[in-house]
Amino acid sequence: MASNRSSNQLVVPQAQQALNQMKLEAASELGVQIPADGYYGNVTSRDAGSLGGYITKKLVQIAEQQLSGGSFR
């Protein structure tokens, strides 16, 4: 996977690899093709939105489980 070209700054930079893995898993589950060069300009808005929404949903689920004392996954 190419380097992240986003101007967004991670609050926890050590999470970068886990977030990239989550992105790949989400794309696989949704059938969205991740560009090899890291450029998302040719990804449809629908696919990008689905991917972002799915990742957000998963992150909220993880946070809820951690806050309730539950285990991940």
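Since this is a predicted model, take the numbers as computed values, not measurements.
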side-chain hydrogen bond (donor to acceptor under 3.5 Å, both in side chains) between Q17 and Q21: does it pass, once the steps are laid out? CA-CA 6 Å; Q17 187 173 355; Q21 183 63 33; over 6 Å; no
Suppose clustering is done on Ile, Leu, Val, Met, Phe, Trp and Tyr with side-chain heavy atoms closer than 4.5 Å. Which residues sit in the same group as V11?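 In the cluster with V11 are V12.
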Examine distances only and state if a side-chain atom of S28 and a backbone atom of L24 form a donor-acceptor pair shorter than 3.5 Å.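 Such a contact is absent between S28 side chain and L24 backbone.
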Roughly how far, to the nearest 0.5 Å, is the CG atom of L51 from the CE atom of M22?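 Result: 11.0 Å between the selected atoms.
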Residue pair Q33 / V43: nearest heavy atoms and the distance that separates them: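 Here Q33 and V43 meet closest at O-CG2, 4.4 Å.
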Search all heavy atoms of I55 against all heavy atoms of K23 and return the closest pair with its distance.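 In this case the closest contact between I55 and K23 is CD1-CA, 3.8 Å.
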